[in-house]
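One structure below.
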2 protein chains.
Amino acid sequence: MKRKPSTEATSAWIRLMRVQSRVLDCVEQDLKKAGFPPLAWYDALLELSRAPSGELRPVELERQMLIPQYSTSRLIDRLVDEGLASRRECKIDKRGQFVEITEAGRELQKRMWGAYSTAIEKYVGSKLSDADAVKLSGLLDRLGCSCGEMKLPPVHVNETTPSR
Amino acid sequence: MKRKPSTEATSAWIRLMRVQSRVLDCVEQDLKKAGFPPLAWYDALLELSRAPSGELRPVELERQMLIPQYSTSRLIDRLVDEGLASRRECKIDKRGQFVEITEAGRELQKRMWGAYSTAIEKYVGSKLSDADAVKLSGLLDRLGCSCGEMKLPPVHVNETTPSR
DNA sequence: CCCCACTCAATGCACCTGCATCAATCTTGA
DNA sequence: TCAAGATTGATGCAGGTGCATTGAGTGGGG
């Protein structure tokens with residue numbers, strides 16, 4: 001049976017969608033106007049720069065960034081094309097590889113953070129007290145958890161097997 | 001000068017991005033699994049169905065939905081292709097046109113609301129009390145206002161004109 | 001009246017995304 | 001040991017999006 005959402009919940013949903021897309025747009029525009037690539041590049045470079053010895057398996061990056069596998073693959077393509085990262089083969093698992101951030105990559109990540117942090121302050125920080133930012137984070141966190149099916153291994157349950 | 005955002009603000013920003021994309025994804029997936037088109041179609045159909053006599057100028061729709069002009073144009077194309085709306089010429093302004101929702105469009109909008117509202121309840125309503133939903137809306141609203149340049153008419157201020 | 005600036009809408013192009021699938025390799029278990 | 005299945009990463013294709021431009025139409029000042 002389907003309980004309907006309250007008007008309060010619906011209204012929160014609508015605001016979440018609209019405000020996020022507006023704010024994201026603003027930030028992306030500021031970055032673009034400053035001559036920087038999209039935010040996704042920043043995220044990837046940040047993850048790589050944080051990783052021990054600056055390299056990760058694509059599959060790790062994928063999990064960190066919560067984006068699909070093919071998306072990761074192509075993002076890495078672009079980073080490599082621009083000389084911001086390089087692929088290294090993985091000795092122990094020849095299917096896999098390592099992606100390593102280059103000096104140029106590290107440098108771009110740092111320069112982007114300048115513009116990025118300014119934009120965050122402009123569009124978020126300056127609109128909210130720290131206490132309110134904490135409240136907002138808390139409320140959002142309540143929505144975030146167990147949203148997807150929490151990675152139920154998609155075993156074939158259609159057989160008569162007692163389902164795990 | 002660039003004040004840096006507090007860690008609280010940054011954390012709120014990150015959660016806003018991540019939670020929104022996760023929740024939106026879940027809702028879109030549920031709709032898709034139920035055999036429905038994307039949410040943008042619903043939004044457009046809803047705006048049209050609300051409009052007096054079920055029709056709007058594309059430019060109105062654009063303003064309601066906060067999406068760019070070309071995006072509206074192509075969305076209308078798709079709705080028309082599927083028989084959910086139709087274009088009518090505008091007598092008084094021959095550049096323009098009216099977009100009118102069809103019976104099929106109204107019906108689809110209603111059927112989608114069934115699945116849509118269920119999803120909102122599942123991913124938002126059930127996670128938050130009404131009071132918390134109101135708090136969340138309030139905090140988000142503070143971010144939403146005057147995010148863009150608030151439609152400053154882009155006059156050519158580069159001349160020596162005293163800028164309005 | 002006519003020209004110029006503006007508005008409304010469509011579209012060509014490049015790029016990006018999702019989906020399905022592939023090939024290569026690893027792992028498991030009979 | 002070897003076949004079946006799982007995992008890693010790439011890619012062809014279809015469709016969506018942003019950007020810039022076009023083209024038609026309007027309207028106001030000279």
Side-chain angles (χ1 to χ4, degrees), chain A residues 21 24-33 35 37-41 43-44 55-82 85-100 148 151-156 159 161, chain B residues 21 24-26 28-29 31-33 37-41 43-44 55-82 85-100 148 151 153-156 159 161:
Chain A
S21 89
L24 176 57
D25 243 53
C26 291
V27 172
E28 289 268 25
Q29 283 305 317
D30 280 12
L31 281 233
K32 175 176 285 194
K33 271 184 269 180
L39 263 184
W41 292 36
D43 290 339
E55 59 187 11
L56 282 175
R57 299 284 297 264
V59 78
E60 312 281 354
L61 193 55
E62 177 188 331
R63 280 193 267 266
Q64 290 294 321
M65 298 183 60
L66 302 173
I67 58 180
Q69 178 271 320
Y70 52 81
S71 189
T72 313
S73 177
R74 293 200 260 236
L75 177 55
I76 293 171
D77 283 348
R78 286 169 222 140
L79 295 180
V80 170
D81 283 350
E82 299 297 323
S86 62
R87 294 185 209 262
R88 296 198 316 98
E89 74 168 306
C90 175
K91 308 290 186 191
I92 49 182
D93 184 344
K94 275 189 282 197
R95 286 169 308 182
Q97 62 190 242
F98 281 103
V99 180
E100 186 177 7
K151 212 60 174 182
L152 286 176
V155 259
H156 308 144
E159 261 68 51
T161 42
Chain B
S21 90
L24 176 57
D25 242 54
C26 291
E28 289 269 23
Q29 283 306 316
L31 281 231
K32 175 177 282 196
K33 271 185 268 182
L39 263 185
W41 292 36
D43 290 338
E55 60 187 8
L56 283 176
R57 300 284 297 265
V59 78
E60 312 282 356
L61 194 55
E62 180 188 330
R63 281 193 267 266
Q64 291 293 323
M65 298 183 63
L66 303 173
I67 58 179
Q69 178 270 321
Y70 52 79
S71 189
T72 314
S73 177
R74 293 199 260 235
L75 177 54
I76 294 171
D77 283 348
R78 286 168 221 138
L79 295 180
V80 170
D81 283 350
E82 299 297 325
S86 62
R87 294 186 209 262
R88 296 199 316 99
E89 75 168 303
C90 175
K91 306 291 186 191
I92 49 183
D93 184 344
K94 274 189 284 201
R95 289 169 303 184
Q97 61 188 245
F98 281 103
V99 180
E100 185 177 9
K151 212 60 173 183
V155 259
H156 309 142
E159 262 66 51
T161 42

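Computed from heavy atoms alone, side chains included, the values below leave out hydrogens, waters and symmetry copies. Chain identifiers are assigned alphabetically (A, B, ...) following the order of the sequence lines, protein sequences preceding nucleic acid strands; residue numbering begins at 1 within each chain.
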Quiz item: Where each residue is assigned the nucleotide of DNA chain C containing its nearest heavy atom, which of A/Gln69 and A/Ala40 is assigned the position nearer the 5′ end?
Solution: A/Ala40
Practice problem: Kindly point out which of D/dG9, D/dT17, D/dA24 is positioned nearest to the side chain of B/Tyr70? | Solution: D/dT17
Quiz item: Which pair of heavy atoms, one from B/Leu75 and one from B/Met65, lies closest together, and at what distance?
Solution: CD2-CE, 3.9 Å
Quiz item: Nearest-Å distance, CE (A/Met65) to C1' (D/dG9)?
Solution: 16 Å
Quiz item: Quick one: which of C/dT25, C/dC8, D/dC19 gets closest to the side chain of A/Lys94?
Solution: C/dT25
Practice problem: Return the value, rounded to whole Å, for the distance between atom CD of B/Glu62 and atom C1' of C/dA10. | Solution: 13 Å
Self-check item: Separation of atom CD1 in A/Ile67 from atom P in D/dG9, rounded to whole Å
Solution: 13 Å
Self-check item: Nearest to side-chain heavy atoms of B/Arg57, which nucleotide of D/dA10, C/dC8, D/dT7
Solution: C/dC8
Quiz item: Between atom CD in A/Glu28 and atom C1' in D/dG18, what is the gap in whole Å?
Solution: 12 Å
Practice problem: Quickly work out the B/Ile76 CD1 to C/dT11 C1' distance and round it to whole Å. | Solution: 14 Å
Quiz prompt | Distance, rounded to the nearest Å, where A/Leu56 contributes CG and D/dT8 contributes C1' | solution = 15 Å
Quiz prompt | Closest-nucleotide ordering on DNA chain C, the 5'-leading residue of B/Gln29 and B/Ser73 | solution = B/Ser73
Quiz prompt | Closest to side chain of A/Asp93, choosing from D/dG9, C/dC26, D/dC19 | solution = C/dC26
Self-check item: The single option from A/Val99, A/Asp81, A/Leu56 passing side-chain contact (heavy atoms from CB on, under 4.5 Å) against A/Ile76
Solution: A/Val99
Quiz item: Any donor and acceptor pair, going by atom type alone, linking the side chain of B/Arg87 with main-chain N or O of B/Phe98 inside 3.5 Å?
Solution: no
Practice problem: Name the closest nucleotide to the B/Arg74 side chain, picking from C/dA24, C/dG18, C/dT11. | Solution: C/dT11
Quiz prompt | Whole-Å gap separating C1' (C/dT27) and CD1 (A/Ile92) | solution = 15 Å
Practice problem: Ignoring the backbone of A/Pro68, work out which of C/dA9, C/dG18, C/dC26 is nearest its side chain. | Solution: C/dG18
Exercise. May I ask you to evaluate whether B/Arg87 reaches the phosphate of C/dA10, defined as a side-chain N or O under 4.0 Å from OP1 or OP2?
Key: yes
Quiz item: Can you tell me how far CZ of A/Arg95 sits from CD of A/Glu89, rounded to the nearest 0.5 angstrom?
Solution: 14.5 Å
Quiz item: For the pair made of CG in A/Asp81 and P in C/dC15, what is the distance, rounded to whole Å?
Solution: 11 Å
Quiz prompt | Inter-residue atom distance B/Glu100.CD - B/Leu79.CG, 0.5 Å rounding | solution = 13.0 Å
Exercise. Please state whether the base of D/dT26 and the side chain of B/Arg95 form at least one donor-acceptor pair under 3.5 Å?
Key: no
Practice problem: Check if the side chain of B/Arg78 and the base of D/dG15 share a donor-acceptor pair of N or O atoms closer than 3.5 Å. | Solution: no
Quiz item: Between A/Asp25 and A/Val59, which has a closest nucleotide on DNA chain D that is more 5'?
Solution: A/Val59
Exercise. Could you tell me whether the side chain of B/Glu62 reaches within less than 4.5 Å of the side chain of B/Val59, counting heavy atoms only?
Key: yes
Quiz item: Under the 3.5 Å rule, do the base of C/dA9 and the side chain of B/Gln97 count as making a donor-acceptor pair?
Solution: no
